[in-house]
S.K.: 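If you scroll down you'll find the structure; I have some questions about it.
Please read these numbers as outputs of a predicted model, since none were measured by experiment. Every heavy atom of this structure was used, including side-chain atoms; hydrogens, water molecules and symmetry mates were not.
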Amino acid sequence: MRADMDKIVSLSDGDSTEELQKYLSSLTDDQVAILTQFSAKREPMCPLLTGSPPSSTEGSNRRLLVYQHCIPLCESGDLQPEVASDIIGLLMLETHTLSGPSLAQLASIFVEAIKVGKMGSGKSLELFPTVLTALAACEALSYGKGELSGEEYKKQLINTLCSSSKYLCLPDFRDVPLSSEELQFLVEKVLRMFIKLDLQEIPPLVYQLLLLSAKGCKKQILDGIISYFKEQDLCQEEEQKHGESLDLEVQSIPQDQLRYVEGTTILHIVFAVRLDHELGREFLKNFKTSYVDLCPFSIALLLSVARIQRYEEQVFEVLKGGIIKSFKDEQLQQGSKFLQDLIPGHCRVAQMILDTVKNSVFGWDHVTQGLVQLGFFLMDTFGPKPGPFGKTSEGSVTVARTPTQQACKLGGQVLLQGFKIHEPIRGEILEQVLNRLVTKTASPVNHYLELFSDIVVSAPMILLESSSKVTETFDHLSYLPLATVQGLLKAVQPLLKVSMSLKDALILVLRKAMFSSQLDGRKSAVTGFLLLLKNFKVLGSLASSQCSQAISSSQIQVDVHSRYNSAANEAFCLEILSSLRRCLGQQADVRLMLYEGFYDVLRRNSQLASSIMQTLCSHLRRYYEPEQDLLPPMKLEPCITAHGDQVFLQEPLAHLISCTVHCLLWLQTMRRSVNPNAGDSDDDEEEEEQEGYQSELQTILDSMTRRMIKSELEDFELDKSAEFSMGSSVGVKNNIYAVLVMGVYEVLMEYNFIKADYSKTRFEELLELFNRYHKLSEILKEKSGKGRVPSNKTPRSLLSLGFISTLLTVLFRDSTQSKEEALSVLRSSGEFLRYAVNVAVQKIQQLEETGHTDGPDGQNPDRTFRFLCDMTSVLMWRYTNIPSVVEDPGKKEKRSSLSHLCLEGLLKIFTTCQQRYPDKMAQDFLGFIPENIDLNSSIFIHFSCRHWEEEFNSKEAQLLVNILSVLSRQLKPSSQQFVQMITWTVKICKETSFEDSAFSKGLLSLLFSLHVLYKSPVSLLLELCQDIHSQLGDIDQVHEMMFQFISSLTIVSQRFCHLLLVLSQVDRVLDEVDWLIARKKSHTAAAKSTTDQQDPIEKAMTLQLGTLLTALNELIQTALLPGTCTITLLRELSRTYTILTTLVKYYIQVCTSQHRALPARFEKLVKLSGSHLTPQCYSFITYAQSGEFSGGGADDKKKKKRNEVNTAKLLRETKAIPNLIFSIEQYEKYLITLSKKSKVNLMQYMKLSTSRDFRINAATLDAALQEQDDGEETTESQETQEPKQKKRKQ
């Protein structure tokens, strides 16, 4: 064999190839095969190919033989890689010389080898694309019994290959010229194979697909990859649910394996996008139009792509749009039963993003940075904004209700979850949160404070690793807004328990802040010290269950060395108290914070009682007059200070006494409950000390009570002759004195009520205190309105919420015989009862606005909620059981009745609870309602209707309707109570005859809000439109109706009020239909024609619009007065035609893409719009334009003013009219297009109008008016002058 090969080589080196060809022709096929193998391993193969000319049949066959033997040889692995590469390179160069049949046979060899899996190393597959390229160039090839072109033959081979699940070598197609159809076919085949492959085989195939995407089909490839992983995620989710319900672990694919494969795939796609920007643009284009295609995998992919700078902004805009649209759509669906029934499910983007965070724990480091950016992007974009003049609203929103609030909350959740599971990003998250707390001083930072607090609670020990960042933030405390300081210090309390360095750093900062030149800095210091006193317990203090604020579990579990800590804490707390005593010489605001905080400190740290009470007692003595015969018992002069002409409050005396009283009462109560048998204690000295200051304080308070009752207003220089104007320093001083004295009266009232133990004498003293309080209050009200500068509103009451709750209960519901005599003293005073309810309303309003109230337990949400429940029960019982006719029969003043105040209180309680305590309200809703009142609102209204039978009270009726609106939100639309509620509301709306517009409006609003959660309101709208039409009359009878308008103006205004509500509801229905059309449009492109049966969503849209057109047809035939109602109706008509145009465009899209016939219902809708609505629209436009010029009057000034108003109306209405006509014409324009597309003549129902000129010709108008006036003068000259004036008034 060696000799043969040497001869072949020598012949090839010669000048002539004829001898070489002769010699090769003499060899058999087997010999050629052996020579091929031999030469492949040791000698070059060129002589074999040179001696086999492709022009001859024999040479062509021999070449094919060489190829047939070289391919398996290269796959065998016997050759060195370099040799195999050289052979394949040589064969690729010679492939174009092969004949068509040889190429076809060679291609078949490849296909068969691939199908049976004989391709070992895959080295020879590099030759396959060259073979296919050469094959496509052939003109004709025999295939079966016929012939195929080379291109068609190539398609058949590709089809055969794609049908083989073992074929994964897509790079071979990169060099094959493929048409768009072939490429699409190939991609579809490969994507369908995904489901049959093992997970580990997916990333390489994805990589090859992405390389293939350079040829085209980018969208198809990306959609296919994303759809595959979306399906896998759904299967995983279903398996987890199934496993949980059966207590089994059934997993076809292990979760961790799926996540790792997803992570690898994401890396491949991001790499491809970096290289091919067209692929990146195609990827983002998918999600810009609709968020429905989003899934956890695609979100992770988007966040990874965001690391590429050129796509960063686009990605976050896409995600922001998808998130906010998702929340808005969810809100729209939740508020409409019609949409819920039509589209039960909802695509929750927020949950997908949180799933992405959870999935990223499986090594998705390329996603985590995007998650951090997304979290802060959402919080910055959708966080609370500053109010007018840069003011921020107090208190944080408990429940995220609006889409923007929900998006902001989602950002916080992403960051919190990311902080918990990803160590590398913790430092960055913490740093960015703290930076925003320090720098965003002009904007609300409640959302960042909540996030920081959640981070501390969830991982206090992890946070200690970054304690230096927290320490740096402390340095800025004195420059931050007070609300930010309070939130920040509350959040870091758990850290202070475990980090001495952090605690020391904070104390150092607070001490510096105590001497700050800025008032807010000193207030921040007081806030910080009080928080420290509350949270560092001293040995022997009462259990936390008896305290006003609970500590979280993370705080308790780190406090391990309790005895050592308590002993150290005592010295620490006493040191802080000594610092706080310095505050008693500072401004009133600083002292006020101190007084409001001492009570909570005492409850948390009862061992500090002695120090706190001595501090309060010694400070109180400064303002107390010890001489028992002197009046008044307080020194008011030291309580104020003056700077030039300005007078300021220096000492909030009433708050000082209030703080002292509450601390004293709590200590006495706890002493009785903890140690009922006094004298057995070892701490005799401490007890004696406590008894000493307690008895002294009791003596002072009793003396103050006695002397305050004796004191007249003249003793305080506050009689009726005193000046209370806020424009002078004397008036300001008297105002301050009055507020202080009123506060002292209130504090003493609360103290005496609690100490009275239902003694008639003490209650009489209490009533005396109230009478003096009331007298001063009336003087203040009377005088405050007279000055040039109006005074502030009523000063905030110093009564505690707990006391008000108790007081209302005993005044209205306590029927104990032993207390009857004493309580009758208080009940006999109607003013005192009104005062008690008024204070309750004031406290509830403060709670609604700020989230807390003044006084004890004002910061404790649990106790506050309990007080609200108690007050609800009392106020509801009082309103439903005592008729309003019994109340002060002789006094019919402008002020509200007690029943009205009770209703106002109830409304504020329900609103507050829904805003601040939604979860508790849902759980303890029945706790609100007294035993004898059913939850069913019809019974609740029954009692009020009893009052209305005698005298209808509009304000009470409005309050009742508002209460029902709030309460109805607690009922589930599927519950029996909700059905009863809506049935009752419909009944009242039909049967009520109260001609009060505000009440009617409230009742109708309630009906709409309930009805939309029960079923679609279009049928109700139709009824109301027919009712309004029948009440106001037809536009053809307008001249006959004029006198009716003048005689029954109340009813007309009431109907107009109804009309605006009806039109607002029409707008809402149009919103829903518009949303449905947009949703259908986004799905139409992907959907394929299935059956001729109409889609349920299309059917529902058509029916809604049909009923709506009928309702609007009633309204545009109604004689409306020119003004708001007419303009609003014109706008709604314009919007209706715009929605109809959108629907027509949708059907144009359907006809173009799916070639479907138009539904019969849609044709009926077009007919209804053309034959009924459009002609009436033009009639209404004519009527509206004629109404613009009606009017006139005798008085020139009135006439001038009326003309100005009419001109303004004219400008508004003339803008609405052309907009409407333009909408009608656009509708007709697209109907023509649809008629051509669908081959259905829809324009047969349309009547083209000639009303096209909107310009007002002034000359023609003046001539017409002059002619009209001349005619009137001629007619009226034959009659008396009086009818002429009447005619002009028309």
S.K.: Output yes when a side-chain donor or acceptor of D715 lies under 3.5 Å from a complementary backbone atom of E712, and no otherwise.
M.R.: yes
S.K.: Using the side chain to side chain contact (heavy atoms under 4.5 Å, CB included) rule, take T484 and Y448 through it: C-alpha gap first, then chi angles, then the decisive distance, then the call.
M.R.: CA-CA 10 Å; T484 304; Y448 291 115; over 6 Å; no
S.K.: If you take all heavy atoms of Y624 and S703, which pair is closest and at what distance?
M.R.: OH-OG, 3.0 Å
S.K.: To the nearest 0.5 angstrom, please state how far the CG atom of L530 sits from the CG atom of D600.
M.R.: 9.0 Å
S.K.: Please step through side-chain hydrogen bond (donor to acceptor under 3.5 Å, both in side chains) for the pair E750 and S800, ending with a clear verdict.
M.R.: CA-CA 8 Å; E750 182 169 346; S800 64; 2.8 Å; yes
S.K.: Given side chains that start at C-beta, do those of D862 and K920 come closer than 4.5 Å, heavy atoms only?
M.R.: yes
S.K.: Where the side chain of S805 meets the backbone of L801, is there a donor-acceptor pair that is under 3.5 Å apart?
M.R.: no
S.K.: Could you pull out the closest heavy-atom pair between S711 and L631, with the gap in Å?
M.R.: OG-CD2, 3.7 Å
S.K.: Could you check whether Y835 and S777, counting side-chain N and O atoms only, form a donor-acceptor pair closer than 3.5 Å?
M.R.: no
S.K.: Which distance, rounded to the nearest 0.5 Å, do you find between the CG of L667 and the CZ of R603?
M.R.: 11.0 Å
S.K.: Assess whether a salt bridge exists between R621 and E696, defined as any Lys/Arg side-chain N lying under 4.0 Å from an Asp/Glu carboxylate O.
M.R.: yes
S.K.: Compare every heavy atom of R863 with every heavy atom of N860, then report the nearest pair and how far apart it is.
M.R.: ND2-CD, 3.3 Å
S.K.: Donor-acceptor pair, T850 side chain versus L847 backbone, under 3.5 Å?
M.R.: no
S.K.: Keeping R762 on the side-chain end and F753 on the backbone end, is there a donor-acceptor pair under 3.5 Å?
M.R.: no
S.K.: Mark yes or no for whether R604, through its side chain, and N535, through its backbone, hold a donor-acceptor pair below 3.5 Å.
M.R.: no
S.K.: Do the side chains of V526 and Q586 get nearer than 4.5 Å, heavy atoms only?
M.R.: no
S.K.: If every non-hydrogen atom of V456 is compared with every non-hydrogen atom of P494, which pair is closest and at what distance?
M.R.: CG1-CG, 3.9 Å
S.K.: Would you indicate whether the side-chain heavy atoms of V601 and L608 approach each other to under 4.5 Å?
M.R.: yes
S.K.: If you count the non-hydrogen atoms of other residues, nucleotides and ligands that lie under 6.0 Å from OH in Y479, is the total more than 12?
M.R.: no
S.K.: Please tell me if the side chains of I507 and L532 come closer than 4.5 Å, counting only heavy atoms from C-beta onward.
M.R.: yes
S.K.: To check you understand the geometry: which heavy-atom pair defines the closest contact between L477 and V485, and what is its length?
M.R.: O-CG2, 3.4 Å
S.K.: Let's go through L584 and L594 carefully: what are the C-alpha distance in whole Å and the side-chain angles of both, what is the deciding distance for side chain to side chain contact (heavy atoms under 4.5 Å, CB included) to 0.1 Å, and is it a yes or a no?
M.R.: CA-CA 8 Å; L584 296 174; L594 197 61; 3.7 Å; yes
S.K.: Rounded to the nearest 0.5 Å, how far does CZ of F803 lie from CG of L798?
M.R.: 12.0 Å
S.K.: Is it true that a side-chain atom of H662 and a backbone atom of S658 form a donor plus acceptor pair closer than 3.5 Å?
M.R.: yes
S.K.: So for atom CD, which belongs to Q518, do other residues, nucleotides or ligands contribute more than 12 heavy atoms lying within a distance under 6.0 Å?
M.R.: no
S.K.: Over all heavy atoms of both residues, which pair between E765 and T705 is shortest? Give the atoms and the distance, please.
M.R.: OE1-CG2, 4.3 Å
S.K.: Spell out, as yes or no, whether a donor-acceptor pair under 3.5 Å connects the side chain of T864 to the backbone of Q859.
M.R.: no
S.K.: Please round to the nearest 0.5 Å and tell me the distance separating atom NZ of K497 and atom CG of L502.
M.R.: 14.0 Å
S.K.: So, taking the atom named CG in L875 and the one named OG1 in T809, what distance separates them when rounded to the nearest 0.5 Å?
M.R.: 9.0 Å
S.K.: Using 30° and 60° as the class boundaries, would you call the ring planes of H774 and F770 parallel, tilted or perpendicular?
M.R.: parallel
S.K.: More than 12 heavy atoms of other residues, nucleotides or ligands under 6.0 Å from NZ of K512: is that the case?
M.R.: no
S.K.: Using side chain to side chain contact (heavy atoms under 4.5 Å, CB included), reason through H655 and R591 one step at a time and then give a plain yes or no.
M.R.: CA-CA 9 Å; H655 287 84; R591 301 186 193 192; over 6 Å; no
S.K.: Checking side-chain polar atoms at under 3.5 Å, does Q694 have a donor or acceptor matched by the opposite partner on Q698?
M.R.: no
S.K.: Once rounded to the nearest 0.5 Å, what's the spacing between atom CD of E625 and atom NZ of K635?
M.R.: 5.5 Å
S.K.: So if I apply the side chain to side chain donor-acceptor pair (under 3.5 Å) rule between S797 and each of K843, Q846, Q842, E746, which one comes out positive?
M.R.: E746
S.K.: Donor-acceptor check, side chain of T872 to backbone of L868, threshold 3.5 angstrom: yes or no?
M.R.: yes
